[in-house]
Amino acid sequence: MHHFIQRYIKIRVVVQGKFINPANPAASVFKMAAGNMGYFFFGMVMWAASITSVIGASFTAISFIKTFHPAIEAYQKIWVSGFIVLSTGLFEWVGQPVKVLVLAGTVNGFILPLALVIILLAALKYRITPNYRHALWLQIAGWVVVVGMLWMVLKTIKN
């Protein structure tokens, strides 16, 4: 729903002949469409989205590595808090929020095809899945998806 509203507002702004600020395109669209109130609400939505993303990513990252050492598991809350502080510090140091969001999306775009490649290769190993026979059409469809996803990520990097 959020993307539909944003696309509608963007089309409405472009049809009116207004120019979008390339430094912060999404924010400029909301400001042109609804004035300072739209700009304020856009900021609040972005703030809420960023906070929940950082907290979720921090918890997920620490839950993956907590089995590496008993101290990480014992002090999981401190590690999550430290990860949040580190993420916030890096974001402030790097700045340029639009570029950081695009870069984060691009990195995530590499993770999904990599995970699918691992699953597709594991499905062919009888030692890993002794009672499962992966259908050839599923294997082909999976590799088509991998190639498509990698193409989209590379296209994003070029732009």
Side-chain angles (χ1 to χ4, degrees), residues 1-11 14 20 22-27 29-30 41-159:
M1 185 68 168
H2 173 319
H3 294 293
F4 173 76
I5 294 169
Q6 189 173 5
R7 183 181 299 255
Y8 170 75
I9 291 172
K10 189 173 184 180
I11 291 170
V14 172
I20 297 171
N24 199 347
V29 168
F30 276 83
F41 281 120
F42 174 77
M44 294 301 294
V45 168
M46 288 303 290
W47 177 81
S50 64
I51 292 298
T52 56
S53 294
V54 167
I55 292 170
S58 300
F59 183 78
T60 302
I62 300 305
S63 70
F64 286 149
I65 66 167
K66 71 181 179 182
T67 59
F68 292 166
H69 195 276
I72 298 173
E73 189 167 7
Y75 299 103
Q76 182 176 352
K77 291 179 183 177
I78 293 172
W79 279 88
V80 170
S81 299
F83 197 93
I84 291 169
V85 169
L86 177 68
S87 300
T88 304
L90 285 172
F91 187 77
E92 281 297 314
W93 179 62
V94 171
Q96 303 174 345
V98 173
K99 288 184 180 179
V100 170
L101 287 173
V102 170
L103 178 64
T106 304
V107 170
N108 283 334
F110 275 115
I111 292 170
L112 292 173
L114 176 65
L116 184 54
V117 164
I118 291 169
I119 291 169
L120 290 171
L121 293 175
L124 294 175
K125 299 287 185 193
Y126 182 74
R127 203 171 33 123
I128 296 172
T129 57
N131 298 325
Y132 177 72
R133 184 89 177 142
H134 200 62
L136 179 62
W137 73 271
L138 285 174
Q139 193 67 232
I140 293 169
W143 286 106
V144 168
V145 169
V146 167
V147 170
M149 290 168 66
L150 286 174
W151 175 77
M152 288 186 276
V153 169
L154 294 174
K155 190 169 172 83
T156 301
I157 291 173
K158 282 179 68 176
N159 294 337

To the nearest 0.5 Å, what is the distance between [atom1] on [X] and [atom2] on [Y]?
| X | Y | atom1 | atom2 | result |
| --- | --- | --- | --- | --- |
| His134 | Leu121 | NE2 | CG | 10.5 Å |
| Lys66 | Phe59 | NZ | CZ | 6.0 Å |
| Ile78 | Ile62 | CD1 | CD1 | 11.5 Å |
| Leu120 | Lys125 | CG | NZ | 13.0 Å |
| Ile84 | Trp79 | CD1 | CH2 | 14.0 Å |
| Leu124 | Gln139 | CG | CD | 4.0 Å |

What closest approach, in Å, do Ile65 and Ile72 show between heavy atoms, and which atom pair accounts for it?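 Taking every non-hydrogen atom into account, O-CD1, 3.7 Å.
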
pair Phe83-Val54: side-chain heavy atoms closer than 4.5 Å: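 Answer no - side chains too far apart.
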
Phe30 vs Val45 side-chain heavy atoms within contact, under 4.5 Å: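 The answer is no, as the side chains (C-beta and beyond) never meet within the 4.5 Å cut-off.
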
Tell me whether Thr129 contacts the main-chain N or O of Tyr126 through its side chain, where contact means a donor paired with an acceptor under 3.5 Å.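 Looks like no, no N/O pair under 3.5 Å.
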
N/O donor-acceptor pair under 3.5 Å between Ser63 side chain and Thr60 backbone: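 A pair under 3.5 Å: yes.
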
For Ile119, give me all partners under side-chain contact (heavy atoms from CB on, under 4.5 Å), at least two apart in sequence or on another chain.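 Not a single residue meets the side-chain contact (heavy atoms from CB on, under 4.5 Å) criterion with Ile119.
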
Can you confirm whether more than 12 heavy atoms, excluding those of Phe64, are under 6.0 Å from its CZ atom?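 Atom CZ in Phe64 is not packed in, count stays at 12 or less.
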
Residues Leu150, Phe110; criterion side chain to side chain contact (heavy atoms under 4.5 Å, CB included); working and verdict: CA-CA 7 Å; Leu150 286 174; Phe110 275 115; 4.1 Å; yes

For Trp151, what residues pass the side-chain hydrogen bond (donor to acceptor under 3.5 Å, both in side chains) criterion, not counting sequence neighbours?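 Partners of Trp151 under the side-chain hydrogen bond (donor to acceptor under 3.5 Å, both in side chains) test: none.
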
